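Report on the following structure.
Fair warning: this is a prediction, and the values are worked out from it, not measured in the lab. In the text below, chain A, chain B and the rest are named by the order of the sequence lines, each starting its count at 1.
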Amino acid sequence: MLAKHKFLRLFRYYNSQKNPNIKPLRHLICNPLCTATESPELPSWIKSSDTKNLDEDFVIPSLASWVESYKLHDPSLAINISSEKTDTDIDRLSKILKNRYPSPDEVVQALDGSCLSASTGLVEQILRRFSNDLVPAVGVFTWAKTQTGYRHTPEIYNSMVDILGKGKKFDLMWDLVREMDDLNDGYVTLATMGKVMRRLARGGKYDEAVEAFRGLDKFGVTRDAMAMNLLMDALAKEKSVEHAYEVFCEFKDCTPLNVGTFNILIYGWCKARKLEDAERTMDEMKKHGFVPDVVSYTSFIEHYCREKDFRKVDELFMEMQEKGCKPNAVTYTIAMHALGKAKQINEALEVYEKMKSDGCLPDAKFYSSLIFILSKAGRTKDANEIFEDMKKQGVMPDVLTYTTMISFACEHSREEDALKLLQKMEEDSCKPDLKTYAPLLKMCCKKRRMKVLNFLLIHMFRNDVSIDAGTYALLVRGLCLSGKLELACSFFEEMVSKEMVPMNATYKILIEELNKKSLGEAKEQIEKLMSQVKPRESV
DNA sequence: CTAGGGTTAG
């Protein structure tokens with residue numbers, strides 16, 4: 001049967017969407033937890049591979065009727081749904097966390113003294129809101145476990161594993177994985193171990209990531225093609241395609257391979273500018289009886305785009321045609337974007353024309369790129385027209401489209417436009433992310449709009465967007481350049497208090513500015529903080 | 001998450 005929390009998320013999702021994007025829906029529904037026979041049968045379009053071009057008038061009623069039949073199927077859900085409306089718990093909980101307790105234990109104590117009760121929705125939201133803030137995240141997670149009648153879902157465990165990995169707390173991360181395993185309830189899945197491997201790879205612990213893969217069966221997870229691809233992808237994306245290749249060599253004879261396995265390597269070699277290795281992998285792929293597909297070719301096209309070798313890009317498009325491999329929206333996006341960035345705007349627009357004549361439909365990401373290159377070329381009016389036109393074509397702007405529009409509005413100091421777009425996003429139920437807020441924050445620093453800055457910080461919090469080290473760096477730097485040193489110092493302190501390691505450049509600019517203004521006392525304070533920063537965990 | 005993101009320079 002469909003897990004309750006999952007149903008609730010689905011419910012919230014369908015309640016909030018004006019323009020359904022099927023991808024997250026499928027992600028929500030299509031997993032082993034949800035495929036049991038007792039559940040009302042899912043609408044068939046959810047499982048169909050054609051996730052694009054489903055229109056709203058069709059999807060929403062279909063989903064709504066499924067949700068209704070599900071409610072009948074499990075009447076207890078009605079109660080949960082009505083309690084969804086009480087968003088005061090999250091506010092009260094957040095207020096307590098604002099006290100910035102120094103350790104998770106103290107968070108637990110504070111929460112024990114409150115009359116809050118844990119629920120899946122509440123914990124999920126807190127973990128999102130504090131995903132870059134370990135003390136409150138771990139505190140709430142630990143506290144919720146002690147609440148009677150509450151049990152963490154596997155997804156919440158997975159989120160916590162991910163948060164610990166992101167914060168480089170690898171020992172704690174492993175402890176938690178073992179704790180999940182001890183529950184003996186199939187809590188550790190490939191989703192869990194995927195996060196583990198990815199975080200280890202990102203932390204440069206390549207060997208440990210491989211070890212995690214080797215030991216998958218200890219947690220009852222199968223070492224299949226999907227698991228191996230996950231590991232290889234994690235390694236290849238973190239600048240270590242060589243490690244990915246080693247994994248490939250070691251396991252290729254005892255693990256089933258698929259096209260994806262080879263594409264991950266091709267992509268990795270291309271990204272690392274090792275074209276010969278990429279070509280060798282392509283040959284090896286053929287030897288294994290796999291035919292290069294659009295993904296394989298697109299990786300090569302991207303490589304030549306990076307090299308600005310557009311003659312070679314054309315050749316590859318031709319080769320694809322010969323081989324009967326149709327380029328898709330991704331392929332066209334890459335080619336157009338690269339031409340636009342290389343200031344060959346007319347050639348870029350030709351790609352758009354070619355795409356249309358080839359019968360390939362643009363998607364939101366494609367339009368975002370088009371808007372980006374037009375704006376970059378100073379053609380703001382055309383960019384705006386495309387932004388309006390895409391909706392008429394039935395493609396709703398996504399977070400990247402809005403971020404692109406907001407970035408350029410900020411770059412041209414069109415404050416009002418930028419904020420209106422942010423508001424429009426909300427109306428469209430399109431959630432902003434850190435990259436959406438970054439240009440807005442930067443603009444506020446530059447123009448010394450402290451009230452707007454404050455508004456944005458609250459906006460972020462309300463949208464569960466947790467500030468990361470990069471965003472703190474942007475704030476400190478921007479405020480330094482605008483002479484708002486007091487605020488710059490307080491963000492620096494906040495950053496350090498979250499165990500983030502400031503970059504040298506961030507530290508340097510702050511010290512320099514404090515020196516310039518002869519603020520000796522504040523400078524000493526910052527130096528003291530910096531000396532207490534724990535050096536990055538190594539080996 | 002097998003491929004498409006502009007990020008931290010004036």
Scan Lys195(A), Arg199(A), Arg198(A) and name whichever one has a side-chain hydrogen bond (donor to acceptor under 3.5 Å, both in side chains) with Asp162(A). Arg199(A)

Report which part of the nucleic acid Lys341(A) touches: base, sugar-phosphate, or nothing (heavy-atom distance under 4.0 Å, all strands). sugar-phosphate

Where the side chain of Phe366(A) is defined as all heavy atoms beyond and including C-beta, which of dA3(B), dT8(B), dG4(B) is the nearest nucleotide? dG4(B)

Qualifying ring pair (Phe, Tyr, Trp, His ring centres under 6.0 Å) pairs, either residue in residues 303-329 of chain A, two or more places apart: Phe317(A)-Tyr332(A)

Just to confirm, is there a sub-4.0 Å distance from OP1 or OP2 of dG10(B) to any side-chain nitrogen or oxygen of Lys446(A)? no

Length of the line joining His288(A):NE2 and dT2(B):P, which is rounded to integer Å: 19 Å

ring-ring contact (aromatic ring centres under 6.0 Å, His included) partners of Tyr187(A), counting only residues at least two apart: Tyr157(A)

Check DNA chain B against residues 263-275 of chain A and give the residues with a non-hydrogen atom under 4.0 Å, in numerical order. Asn263(A), Ile264(A), Tyr267(A), Lys271(A)

Hey, does Ser296(A) reach any base, or is it just sugar-phosphate, or nothing, if we go heavy atoms under 4.0 Å? nothing

Inspect the contact between Lys420(A) and Glu416(A) and indicate whether a charged nitrogen and a carboxylate oxygen are less than 4.0 angstrom apart. yes

Of all residues at least two apart in sequence or in a different chain, which pass the ring-ring contact (aromatic ring centres under 6.0 Å, His included) check with Tyr297(A)? none

Would you indicate which nucleotide in dA9(B), dG4(B), dC1(B) comes nearest to any side-chain atom of Glu302(A)? dG4(B)

What is the separation between atom CZ on Phe262(A) and atom P on dA3(B), rounded to the nearest whole Å? 17 Å

Just to be sure I understand the rule, does Leu400(A) reach a base, reach only the sugar-phosphate, or reach nothing, if contact means heavy atoms closer than 4.0 Å? base

Find the distance Leu235(A):CG to dT2(B):C1' and express it as a whole number of Å. 15 Å

Over all strands shown, is Asn328(A) touching base, sugar-phosphate only, or nothing at heavy-atom distances under 4.0 angstrom? base

CG of Leu481(A) versus P of dT8(B): gap in Å, rounded? 13 Å

I need the CD-P distance between Glu411(A) and dA9(B), as an integer number of Å. 11 Å

For the C1' atoms, the ones on dG4(B) and on dT8(B), what distance do you get once it is rounded to whole angstrom? 23 Å

Charged N to carboxylate O below 4.0 Å: is that the case for Lys323(A) and Glu319(A)? yes

Can you measure Leu434(A) atom CG to dT8(B) atom P for me and round it to whole angstrom units? 11 Å

Looking across every strand, which nucleic acid part, if any, lies under 4.0 Å from Thr403(A) by heavy atom: base, sugar-phosphate, or nothing? base

Please list all pairs meeting side chain to side chain donor-acceptor pair (under 3.5 Å) that have one or both residues in residues 340-355 of chain A, counting only residues at least two apart or in different chains. Lys354(A)-Asp358(A)

Taking any heavy-atom pair under 4.0 Å as a contact, classify Met503(A): base, sugar-phosphate, or nothing. base

Among dG4(B), dT2(B), dT8(B), the one nearest any side-chain atom of Asp233(A) is dT2(B)

One thing to verify: whether Glu426(A) and Lys431(A) come together as a salt bridge, which I'm taking to mean a side-chain N less than 4.0 angstrom from a carboxylate O. no

Could you tell me which residues satisfy salt bridge (charged side-chain N to carboxylate O under 4.0 Å, His left out) with Glu315(A), sequence neighbours excluded, listed by chain and number? Arg311(A), Lys312(A)

Please report the distance, rounded to the nearest Å, between CZ in Arg306(A) and C1' in dG4(B). 11 Å

Nearest to side-chain heavy atoms of Arg198(A), which nucleotide of dC1(B), dA3(B), dG5(B): dC1(B)

Please report the distance, rounded to the nearest Å, between CE in Met443(A) and P in dT7(B). 16 Å

Donor-acceptor list for residues 242-257 of chain A side chains, cut-off 3.5 Å, not counting sequence neighbours:
from: Glu242(A); atom 1: OE2; to: Lys274(A); atom 2: NZ; distance (Å): 2.7
from: His243(A); atom 1: ND1; to: Ser240(A); atom 2: OG; distance (Å): 2.2
from: Tyr245(A); atom 1: OH; to: Arg280(A); atom 2: NH2; distance (Å): 3.4
from: Glu250(A); atom 1: OE1; to: Arg214(A); atom 2: NH1; distance (Å): 3.4
from: Glu250(A); atom 1: OE2; to: Arg214(A); atom 2: NH1; distance (Å): 2.3
from: Thr255(A); atom 1: OG1; to: Phe251(A); atom 2: O; distance (Å): 3.1

Strand contacts (DNA chain B) in residues 308-322 of chain A, 4.0 angstrom heavy-atom criterion: none

Applying a 4.0 Å non-hydrogen cut-off, can you work out what Gly470(A) is touching in the nucleic acid: base, sugar-phosphate, or nothing? base

Does anything in residues 367-376 of chain A pair up under side chain to side chain donor-acceptor pair (under 3.5 Å), and if so which pairs, sequence neighbours excluded? His337(A)-Ser369(A), Ser368(A)-Thr401(A)

